[in-house]
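Heads up: the structure comes next, in structure tokens.
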Amino acid sequence: MTYINKGDKPTKTGFGEGVRDAAMKNKNVIGIGADITASVGMNIFSEAFPERFISLGIAEQNCVATAAGLALSGKIPVFSTYGVFAAHRANDQIRISLCYNNLHAVIGGAHAGVSVGPDGATHQALEDIATMRVLPRMTVISPCDATQARIATEKAILELNGPVYIRFGREPVADFTSENQDFTIGKGQVMRDGDDACIIATGHEVWESLKAAERLEENGLRATVINIHTIKPLDEELLLDVARRFKTIYTVEEHQVTGGLGSAVAEFLSEKMPTRIVRIGVNDRFGESGKAGELMHHFGLDAESIYNKVYSDIIEK
């Protein structure tokens, strides 16, 4: 299947639209900001429902504590800030106040990956999947484009229970999935099918992996590409299916190779169906400042780099 880019759009915009759409259906949705409202897409909600939006300033731990209080009061709080601050600075409050009490609150982790660009290492979330997925009761979602971010966010708010972490980026990226897509939290999507290679990707890397698969096909190799938009809980049935079909699985993520999607896939399959996993991601280093596209190439996360990695690995075998 060939996917067409409808036009570049930030996934943060999809997140903000999802919060707004959920709030239109449920009056208990409350937004919490940390003085960076527009930067994380929450302005879309705050402009539509100013009376239901609270800005607490640059005080992430307080924002999570407030979210817990609102959840205990029957509200559905949605708090968003940069992923590095949500996943790390406020981790203690998320662990105890939200996860321990199993409270339904949605946390938006913006500026994920190196594609944030010029903000550099301090603001590029490359460890947030690892930090969030280890927490008991936490659901971790990493949508692939703005359309999917909107759908995932609305569903996370209205359909789930317990704490949820949604990861998304700032810069415009390809928006290519359908408004009417079959989307279920916890179930992966087979984006294209082939018998020569299997690429499992998440977030922005789904588009890059699809483009890499097109390059592979030009060289006589047909690749299956799977979008694992929900990293916790994993779609175990789908992973077992591809492990039966392929001797090697390639995972791709805009995140450290340690602790992220690749680790989650490897952990599961090592117990259920041992499979060779080649993890493509950031290799134990911090991000850098630069243009988004240049950084994606520098860190080996663009379509060309993915193609080269997969093609050379197949040829060598």
Margin query: Looking at Asp128 and Arg167, is there a salt bridge between them, counting it only when a charged N and a carboxylate O are closer than 4.0 Å?
Written below: yes
Margin query: If you count every heavy atom of other residues, nucleotides or ligands that lies below 6.0 Å from Met273 atom CE, does the total exceed 12?
Written below: yes
Item checked: Backbone N/O of Val29 and side chain of Arg52: donor-acceptor pair under 3.5 Å -> yes
Item checked: Validation row, ring centre Phe45 to ring centre Phe49 under 6.0 Å -> yes
Checklist line | Near-ring test His111/Phe168, centroid separation under 6.0 angstrom | finding: no
Check: Under 30°, 30 to 60°, or over 60°: which ring-plane class applies to Phe176 and Trp207, parallel, tilted or perpendicular?
Finding: tilted
Check: With no hydrogens and no angle check, do the side chains of Gln256 and Asn283 hold a donor and an acceptor under 3.5 Å apart?
Finding: no
Check: Can Glu60 and Gln93 be counted as having a side-chain donor-acceptor contact under 3.5 angstrom?
Finding: no
Check: If Ile, Leu, Val, Met, Phe, Trp and Tyr residues are connected whenever their side-chain heavy atoms lie under 4.5 Å apart, and connections chain through other members, are Val19 and Ile151 in the same group?
Finding: yes
Note to self: Would Arg215 pass as a cation-pi partner of Tyr307, given that its NZ or CZ must be under 6.0 Å from the six-membered ring centre and within 45 degrees of the axis?
What the structure shows: yes
Next item on the list: State, without any angle test, whether Ser305 and Asp302 hold a side-chain donor-acceptor pair at a distance under 3.5 Å.
Entry: yes
Item checked: Arg222 with Glu214: basic N within carboxylate O range, under 4.0 Å -> no
Check: Does a salt bridge link Lys9 with Glu17, judged by any charged N lying under 4.0 Å from a carboxylate O?
Finding: yes
Notebook entry, point to check: Going only through I, L, V, M, F, W and Y residues with side-chain contacts under 4.5 Å, is there a path from Ile226 to Val206?
Noted result: no
Check: Is Leu269 linked to Val242 within one hydrophobic cluster, defined over Ile, Leu, Val, Met, Phe, Trp and Tyr using a side-chain heavy-atom separation of less than 4.5 Å?
Finding: yes
Next item on the list: Please say whether more than 12 non-hydrogen atoms of neighbouring residues, nucleotides or ligands are located less than 6.0 Å from CD1 in Ile315.
Entry: yes
Margin query: Between Ile157 and Ile44, is there shared hydrophobic-cluster membership here, with clusters defined by ILVMFWY side-chain heavy atoms closer than 4.5 Å?
Written below: no
Notebook entry, point to check: Would you call Arg192 and Glu217 a salt bridge, taking side-chain N to carboxylate O under 4.0 Å as the test?
Noted result: yes
